[in-house]
Amino acid sequence: VPLEETSLPLFFGWFLLPGIQDKVRCTSMDFLKTLDTLEAFKKHLPDFTVEAEKEVDLEQYFQANGALHCTTKFCDYGKAEGAKEYADKPIVKELYGSAFELSLSALFVTPRTVGARVSLSEDQLTLWPADAEKEAVPLVPAAATLPAGSRAHITLGCAEGVEPQQTGFDLLEILALQQEGQEGELVEEMELGSLAYYGKGRWLLSLREPVSAQACFSSLYG
Ligand code: A2P
């Protein structure tokens with residue numbers, strides 16, 4: 001009996017190939033290393049952490065997690081709503097195991113998570129679940145009005161005790177502010193791109209050159 005008929009995976013998603021995983025991790029480390037030395041970051045430190053610290057080492061603050069990937073559908077072995085419907089979609093079956101080029105367009109940091117925004121192409125959006133943004137509405141109400149694919153991201157690290165799914169909510173919050181017309185406070189032109197501050201410890205680095213990441217559409221049974 002094929003595995004897919006006996007159980008569903010923990011999640012489906014695009015898994016970055018090993019070489020590009022290293023590159024993305026290095027880029028993220030470089031960003032964190034620079035960010036926590038900036039005067040602007042130090043100025044907003046009380047928004048970032050409630051602890052009365054004068055400094056924070058962001059590389060220590062965030063814990064890296066597993067193989068880098070962009071989740072499409074979290075299935076929880078079939079317990080998540082819509083899991084079976086997603087797994088049964090012809091496009092999911094057709095593209096399972098195929099190679100893709102993901103475009104990483106921004107890096108973001110909040111007191112909870114650090115992640116990369118993934119800007120999905122039309123082809124990639126065919127694998128994106130229709131309700132991915134709506135699922136976030138209880139936590140991020142404005143997510144209801146954001147375009148499909150807005151939540152697409154790669155979790156690069158989480159603060160202690162924070163679940164990786166938080167990364168998508170943090171990204172949606174920033175995109176919702178942008179949609180409302182808040183540009184963020186332009187803080188600095190960095191080598192990697194322009195850094196903006198969105199309040200409450202939220203930082204977004206729009207990459208000058210998006211990082212193109214080779215990835216395989218597959219699933220993890222965990
Ligand atoms: P993300 O995609 O933001 O990185 P876990 O280790 O908690 O079981 O999660 C496995 C993967 O599935 C992680 O990549 C995680 O977050 C994602 N994930 C976990 N729970 C959900 C959820 N309720 N909705 C969407 N994605 C989830």
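Only heavy atoms go into these numbers, but all of them, side chains included; no hydrogens, no water, no symmetry mates. For ligands, and for the atoms within them, numbers begin at 1 and follow the listed sequence.
Between Glu191 and Arg208, none of the side-chain N atoms (NZ, or NE/NH1/NH2) sits under 4.0 Å from a carboxylate O, so this pair counts as no salt bridge.
The closest protein non-hydrogen atom to atom 24 (N) of ligand 1 is Arg151 NH2, 3.5 Å. Protein heavy atom in closest approach to atom 12 (O) of ligand 1: Phe74 CD1, 3.3 Å. For atom 7 (O) of ligand 1, the closest non-hydrogen atom of the protein is Pro164 CG, 3.7 Å. With hydrogens left out, the protein atom closest to atom 4 (O) of ligand 1 is Thr155 OG1, 2.6 Å, a heavy atom. The closest protein non-hydrogen atom to atom 8 (O) of ligand 1 is Leu10 CD2, 3.8 Å.
Considering backbone and side-chain N/O atoms, His153 comes within less than 3.5 Å of an N/O atom of ligand 1. At a 3.5 angstrom cut-off on N or O pairs, Thr71 counts as close to ligand 1.
Side chains of Tyr197 and Asp47: a donor on one and an acceptor on the other come within 3.5 Å. For Thr113 and Gln166, the side-chain atoms include no donor-acceptor pair closer than 3.5 Å. No side-chain donor-acceptor contact under 3.5 Å links Tyr198 and Glu173. Ser219 and Tyr96 form a side-chain donor-acceptor contact under 3.5 Å, judged by distance and modelled atom types alone.
In the hydrophobic cluster analysis, where Ile, Leu, Val, Met, Phe, Trp and Tyr join through side-chain heavy atoms closer than 4.5 angstrom, Val118 is grouped together with Val114.
Here Trp14 contributes atom CH2 and Thr72 contributes atom OG1; the two are 6.0 Å apart, rounded to the nearest 0.5 Å.
Between the choices Phe12, Phe169, Phe11, the shortest heavy-atom distance to atom 11 (C) of ligand 1 belongs to Phe11. Residue nearest to atom 13 (C) of ligand 1, selected from Gln165, Glu81, His69: His69 (by heavy-atom distance).
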